[in-house]
Amino acid sequence: QVQLVESGGGLVQPGGSLRLSCAASGTIFSIDAMGWYRRAPGKQRELVATITSGGSIYYADSVKGRFTISRDNGKNTVYLQMNSLKPEDTAVYYCNLRQWGVNNWGQGTQVTVSS
């Protein structure tokens, strides 16, 4: 099985920054992509950013220009640098690893943006 451990969440003021990390371990042979999803109170889960094995990157329109996704392939780790945070970014952020077309999920890390 695949284990995903997120870290880096917390409480930050509007305009502040956080960096999330997600380390993958376990049965990992062929990663299609890694990325981040989030679920805000009262909203559906949404895709925030992904990076494929080939390096293609996707960002949700709501975070473009503010968030940066990156990876360390040797460590099977993906990062999400979040700058200029807004209250609407408040959510539980979930790491995702897609392998052989199957999604694996972390436990989530809370990000709260509030004055």
Next item on the list: Decide side chain to side chain contact (heavy atoms under 4.5 Å, CB included) for I28 and I31; before the verdict, give the C-alpha distance in whole Å, the side-chain angles of both, and the deciding distance to 0.1 Å.
Entry: CA-CA 7 Å; I28 302 171; I31 297 173; 3.6 Å; yes
Value rounded to 0.5 Å, distance of [atom1] in [X] from [atom2] in [Y]:
X    : Y   : atom1 : atom2 : answer
C22  : R71 : SG    : CZ    : 14.0 Å
S56  : I51 : OG    : CD1   : 8.5 Å
D32  : L97 : CG    : CG    : 8.5 Å
F67  : I57 : CZ    : CD1   : 14.5 Å
T109 : L80 : OG1   : CG    : 11.0 Å
T50  : I69 : OG1   : CD1   : 6.0 Å

Margin query: Is there a side chain to side chain contact (heavy atoms under 4.5 Å, CB included) between Q3 and S25? Walk through the geometry before answering.
Written below: CA-CA 5 Å; Q3 296 85 41; S25 62; 3.3 Å; yes
Nearest heavy-atom neighbours spanning [X] and [Y]:
X   : Y    : answer
E6  : G108 : OE1-N, 2.9 Å
T68 : Y59  : CA-OH, 3.2 Å
L4  : M34  : CD2-CE, 4.5 Å

Margin query: For the backbone of S30 and the side chain of Q99, can you confirm whether one donor and one acceptor N or O come within less than 3.5 Å of each other?
Written below: yes
Next item on the list: Give the cluster check for Y93 versus V2: same hydrophobic cluster or not, with ILVMFWY residues linked at side-chain heavy-atom distances below 4.5 Å.
Entry: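 Cluster IDs for Y93 and V2 match.
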Margin query: Count I, L, V, M, F, W, Y as connected when their side-chain heavy atoms are under 4.5 Å apart, and connections chain through other members. Are V12 and W36 then in the same cluster?
Written below: yes
Next item on the list: I would like to know whether R19 and S7 meet side chain to side chain contact (heavy atoms under 4.5 Å, CB included); could you show each step before the answer?
Entry: CA-CA 8 Å; R19 190 173 88 139; S7 62; over 6 Å; no
Any luck finding a side-chain donor-acceptor pair between [X] and [Y] under 3.5 Å?
X   : Y   : value
N83 : R66 : no
E88 : T90 : no
Y37 : R45 : no

Next item on the list: Quickly, which of D72, N73, V78 forms a side chain to side chain contact (heavy atoms under 4.5 Å, CB included) with K75? Name it, please.
Entry: D72
Are any of the side-chain heavy atoms of [X] and [Y] separated by less than 4.5 Å?
X   : Y    : result
S17 : Q81  : yes
P87 : P14  : yes
L47 : Y58  : yes
R38 : V63  : yes
T27 : Q1   : no
N96 : N104 : no

Item checked: Geometric class of the Y94/W105 ring pair [parallel <30°, tilted 30-60°, perpendicular >60°] ->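 W105 and Y94: perpendicular rings.
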Checklist line | SB check D61 K64 (cutoff 4.0 Å) | finding: yes
Note to self: Evaluate L20 against M82 for side chain to side chain contact (heavy atoms under 4.5 Å, CB included), listing each step before the verdict.
What the structure shows: CA-CA 8 Å; L20 307 182; M82 305 185 294; 3.7 Å; yes
